[in-house]
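In listed order, ligands and their atoms are each counted from 1. Both backbone and side-chain heavy atoms feed into the values below; hydrogens, waters and symmetry mates do not. Keep in mind that this is a model prediction, so the values were computed, not measured.
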Amino acid sequence: MRSPILDYLDGIIAETAHVDSGALADYIPELAAADPDRVAVALCTVNGTVYASGDSEHLFSIQSMSKPFAYALAIEDRGLGDVLERIGVEPSGEAFNELSLDPETGRPRNPMINAGAIAAHALVRGGGSEAVDRVLALFSELAQRPVGIDESLAASELATGDRNLGLAYLLHASDRLAQDPGTAVRGYVRQCSASVTVHDLALMAATLANGGVQPNTGARLFSRRTTRHLLSVMTSCGMYDAAGDWLTGIGIPAKSGVAGGIIGVLPGQVGLAVFSPRLDPHGNSARGVEMMRRLSEDLGLHLMEAGRPARSSLRETHTTTVEGRTATVYVLQGDLVLSSVESLVREIIERPPATDVVVFDMSRVDEVLPVARRTSAETATKLVDNGYRIILVDPEQTLHGFRDSRGRDVERWSSARLAKSQR
Ligand code: GLN
């Protein structure tokens, strides 16, 4: 039986067939020779299953979609502080290849435009061909297959690469380049010439959606913090001077490449990749943008879409008898996050328990976020200070090692003991 998700992706391709606006990038002669009608789409959830449709095995160059990954590698190598000293995180509002640095700091404005991406490449440990090898090894781990370079494309871009060389000299002159300009541009261009499919890109994007862990191999390739930082930069800067339109209309952290690819990442859910070589005036794939728009709309992926409101964590309150005394039982449920725990705490503050003994039954709780744990510890302190006796029933140990905010242990009972005591 064919998956309905594949049927859906086929539909995305069929329904965007009319979008034939835009033009091939021609400042790199090899790109101008691409078949403009190739089209592909792929989706990979954080469980690691890839669904792909169209020319999903067609290889094309990764181009600027390499920038986020090389930037993350530089951060892992050098630390975020060092990288931020050389490369900013502000949207530039300019074209990807603009010959400009921030007039105040002399830094490239962000790592998604060429100036910042060249500077980021030059920060990858090893330098020269070792840095390129390490970037390729990273792509290969992300995509779970050996990723290579399209050598004739790299040669074609290098032969016409004056603009990037100009940027590198500008960086060098303002002391923002960790390498000599020629080496940095050569390495950066080779990084951009890595040959990938939408299938590869969906896995790469899904790794970012999964907090930096490749969903199938389980390898941690970037720390959670690096991944969060990277996705923030992709959100504000990934689509160049179309970033505002993209964020409001489509709302997925993304990065485009001048060969026609776009990747999108919805944290915690899914990595997306689309491909179609004709570009709009911003240098983003015209049909690719339309495919992404539909994916975002149909699959409910817009980052700013209010999620399902967290239910109150308080399922019910009842009284029972514990060791011959009346006790109030709070039965909690679901994930304890800020909003759900706030309603529980409000209930306790506004209607303090009428019995001295208070039982918190956690057996229906799935997960407790740090904020909820802290708030619970503070609430427990107030209860104990006001003379209440607290009993925690927590069979799944969702509050493992819980103490109140003064470090006092709380009494723990098993569900069986509570049941027996109630009789
Ligand atoms: N290698 C390309 C360049 O430097 C990448 C640009 C892009 O994909 N937007 O011009």
Side-chain angles (χ1 to χ4, degrees), residues 22-34 59-71 87 91-100 108-122 124 131-132 135-136 139 147 149-171 177 181-196 198 201 204-205 233-234 237-243 246 254-264 273-286 288-289:
L24 293 175
D26 57 5
Y27 74 100
I28 301 172
E30 280 266 323
L31 285 182
L59 286 162
F60 55 95
S61 52
I62 190 167
Q63 297 298 348
S64 287
M65 293 177 291
S66 66
K67 292 171 178 173
F69 301 99
Y71 176 61
I87 309 165
S92 71
E94 293 178 334
F96 68 91
N97 57 1
E98 197 58 39
L99 276 167
S100 76
R109 288 199 174 81
N110 70 65
M112 301 294 132
I113 53 173
N114 287 11
I118 294 168
H121 177 88
V124 172
V132 176
V135 171
L136 282 179
F139 293 168
V147 171
I149 291 178
D150 180 339
E151 293 293 348
S152 64
L153 184 79
S156 170
E157 181 166 355
L158 274 174
T160 55
D162 287 348
R163 210 178 165 91
N164 283 332
L165 212 49
L167 277 172
Y169 275 102
L170 209 59
L171 287 165
L177 196 64
T183 310
V185 171
R186 198 181 128 76
Y188 161 76
V189 165
R190 292 179 69 71
Q191 163 192 316
C192 289
S193 304
S195 259
V196 291
V198 287
L201 290 168
M204 295 171 81
V233 175
M234 286 169 70
C237 311
M239 300 302 276
Y240 312 124
D241 46 340
W246 178 272
K255 187 73 208 79
S256 62
V258 79
I262 306 176
I263 55 170
V274 295
F275 171 68
S276 164
R278 290 190 193 88
L279 308 180
D280 67 16
H282 302 290
N284 301 323
S285 166
V289 169

**Q** Just to verify, what does Y240 make a ring-ring contact (aromatic ring centres under 6.0 Å, His included) with, not counting sequence neighbours?
**A**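 With sequence neighbours excluded, Y240 shows a ring-ring contact (aromatic ring centres under 6.0 Å, His included) to F96, given in chain and number order.
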
**Q** Can you give each donor-acceptor pair under 3.5 Å made by side-chain atoms of residues 152-159, sequence neighbours left out, with the distance rounded to 0.1 Å?
**A**
unit_1: S152; atom_1: OG; unit_2: D150; atom_2: OD1; d: 3.3
unit_1: S156; atom_1: OG; unit_2: E30; atom_2: N; d: 3.2

**Q** To check you understand the geometry: which heavy-atom pair defines the closest contact between Q63 and S61, and what is its length?
**A**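 The answer is NE2-OG, 3.0 Å.
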
**Q** Should E94 and R109 count as an ion pair when the cut-off is N to O under 4.0 Å?
**A**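 So E94 pairs with R109 through a salt bridge.
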
**Q** Taking ring-ring contact (aromatic ring centres under 6.0 Å, His included) as the definition, give me every residue that meets it alongside F139, ordered by chain and number, with sequence neighbours left out.
**A** none

**Q** Identify all pairs of nitrogen or oxygen atoms, one from ligand 1 and one from the protein, separated by less than 3.5 Å, and list them with distances.
**A**
unit_1: ligand 1; atom_1: 1 (N); unit_2: Q63; atom_2: OE1; d: 2.7
unit_1: ligand 1; atom_1: 1 (N); unit_2: E157; atom_2: OE1; d: 3.1
unit_1: ligand 1; atom_1: 1 (N); unit_2: E157; atom_2: OE2; d: 2.7
unit_1: ligand 1; atom_1: 4 (O); unit_2: N114; atom_2: ND2; d: 2.9
unit_1: ligand 1; atom_1: 4 (O); unit_2: E157; atom_2: OE2; d: 3.3
unit_1: ligand 1; atom_1: 4 (O); unit_2: N164; atom_2: ND2; d: 2.9
unit_1: ligand 1; atom_1: 4 (O); unit_2: Y188; atom_2: OH; d: 2.8
unit_1: ligand 1; atom_1: 8 (O); unit_2: S64; atom_2: N; d: 3.0
unit_1: ligand 1; atom_1: 8 (O); unit_2: S64; atom_2: OG; d: 2.6
unit_1: ligand 1; atom_1: 8 (O); unit_2: V258; atom_2: N; d: 2.8
unit_1: ligand 1; atom_1: 9 (N); unit_2: S64; atom_2: OG; d: 2.8
unit_1: ligand 1; atom_1: 9 (N); unit_2: Y240; atom_2: OH; d: 3.0
unit_1: ligand 1; atom_1: 10 (O); unit_2: Y27; atom_2: OH; d: 2.4
unit_1: ligand 1; atom_1: 10 (O); unit_2: N114; atom_2: ND2; d: 3.3

**Q** Hey, are N114 and N164 close enough side-chain-wise for a donor-acceptor pair under 3.5 Å?
**A** yes

